[in-house]
Amino acid sequence: MFSQALKHWGSDDFPQCFKRAFGGLNLDDLPLFACCTHSGVIDKDSISVTILSSSADKQTIHLKIGVFFCEILSGCACSDDPSQAMILENSYCELSVKLNRNNATLSFN
């Protein structure tokens, strides 16, 4: 999944390739629930990643990333307006990740 990102390591295309691959991860594989302050129900479509810092050695690319996402807050549709039944609350989490250069796997510290 992250093999395309590895091909672009060191270039201006790396952040976009990494973000695309990160977006393909399953929500259950992301440690975002520890950062939730409300419902703990995350809207996967709202996830946005920013690379804050990066470094590399022979085996691993080390990244610190900021992840913006929305938590879904259940509401009441008392007015029969379904748009009021779901409210999104902005959340943020910083994660340290390792991208293995040999097998293109991502792990969270």
Side-chain angles (χ1 to χ4, degrees):
M1 186 177 291
F2 288 89
S3 57
Q4 274 299 96
L6 282 175
K7 290 178 185 176
H8 293 284
W9 171 247
S11 77
D12 292 339
D13 294 330
F14 176 78
Q16 193 62 30
C17 291
F18 178 82
K19 291 175 189 182
R20 193 174 311 118
F22 192 88
L25 293 174
N26 291 323
L27 192 56
D28 293 336
D29 296 333
L30 304 175
L32 297 178
F33 298 104
C35 300
C36 290
T37 56
H38 299 287
S39 68
V41 179
I42 298 171
D43 177 18
K44 183 172 180 358
D45 294 333
S46 70
I47 295 175
S48 174
V49 179
T50 301
I51 297 175
L52 303 174
S53 66
S54 63
S55 64
D57 55 38
K58 286 185 177 185
Q59 302 294 322
T60 308
I61 296 173
H62 305 270
L63 302 169
K64 183 172 184 180
I65 60 173
V67 183
F68 295 91
F69 61 97
C70 291
E71 291 180 67
I72 301 171
L73 306 178
S74 298
C76 174
C78 300
S79 65
D80 292 329
D81 181 3
S83 67
Q84 294 179 359
M86 188 172 77
I87 301 167
L88 298 177
E89 184 69 30
N90 293 328
S91 296
Y92 177 75
C93 189
E94 289 186 4
L95 302 171
S96 294
V97 297
K98 293 180 182 178
L99 179 54
N100 185 305
R101 295 177 94 163
N102 295 321
N103 59 18
T105 57
L106 191 74
S107 61
F108 298 93
N109 299 0

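Heavy atoms only: backbone and side chains are in, while hydrogens, waters and symmetry mates are out.
The CD atom of Glu71 lies 3.5 Å from the OG atom of Ser91; values are rounded to the nearest 0.5 Å. Expressed to the nearest 0.5 Å, how far CD1 of Ile72 lies from CD1 of Ile42 amounts to 9.0 Å. Considering CD of Gln4 and SG of Cys17, their distance stands at 6.0 Å, rounded to 0.5 Å.
The main-chain N or O of Pro15 is never found under 3.5 Å from a side-chain atom of Arg20 such that the two would form a donor-acceptor pair. Remark: the backbone N or O of His62 is not paired with any side-chain donor or acceptor of Thr60 at under 3.5 angstrom. For the pair Lys44 (side chain) and Gly23 (backbone), a donor-acceptor distance under 3.5 Å is present. Formation of a donor-acceptor pair under 3.5 Å by the Asn103 side chain with backbone atoms of Thr105 is found in this model.
Nearest heavy-atom pair across Ala104 and Ser3 is CB-N, 3.7 Å. The two residues Gly24 and Met1 have their closest heavy-atom pair at O-CE, 3.7 Å. Between Phe18 and Ile51 the shortest heavy-atom distance is CD2-CD1, 4.1 Å. Between Ser46 and Cys70 the shortest heavy-atom distance is OG-N, 2.8 Å. Contact record, Leu27 with Phe33: O-CE1, 4.0 Å, taken as the closest heavy-atom pair. The shortest non-hydrogen separation linking Leu73 to Glu89 is CD1-CB, 3.8 Å.
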Subject >> Derivation and outcome, side chain to side chain contact (heavy atoms under 4.5 Å, CB included), residues Thr50 and Phe68 >> reply: CA-CA 8 Å; Thr50 301; Phe68 295 91; 4.0 Å; yes
Original post:
What's the verdict on side chain to side chain contact (heavy atoms under 4.5 Å, CB included) for Lys64 and Glu94, showing C-alpha distance, side-chain angles and the deciding distance?
Top reply: CA-CA 7 Å; Lys64 183 172 184 180; Glu94 289 186 4; 3.1 Å; yes
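A perpendicular orientation is assigned to the rings of Trp9 and Phe14, their planes being inclined by more than 60° (bins at 30° and 60°). The aromatic rings of Phe22 and Phe108 sit perpendicular to each other, their planes meeting at more than 60°, with 30° as the lower class boundary.
Between Leu52 and Ile65, every side-chain heavy-atom pair lies at or beyond the 4.5 Å cut-off. Contact check for Leu25 versus Leu106: side-chain heavy atoms found under the 4.5 Å cut-off. Looking at Ile61 and Leu6, their side chains come closer than 4.5 Å, going by heavy atoms from C-beta outward. At a threshold of 4.5 Å between non-hydrogen side-chain atoms, the residues Val67 and Ser48 do not count as touching. Looking only at side-chain heavy atoms (C-beta outward), Leu32 and Ile47 come within less than 4.5 Å of each other.
With no hydrogens or angles considered, no side-chain donor-acceptor pair links Lys19 and Gln16 at under 3.5 Å. Asn102 and Gln59 are linked by a side-chain donor-acceptor pair at a separation below 3.5 angstrom, with hydrogens and angles left out of the test.
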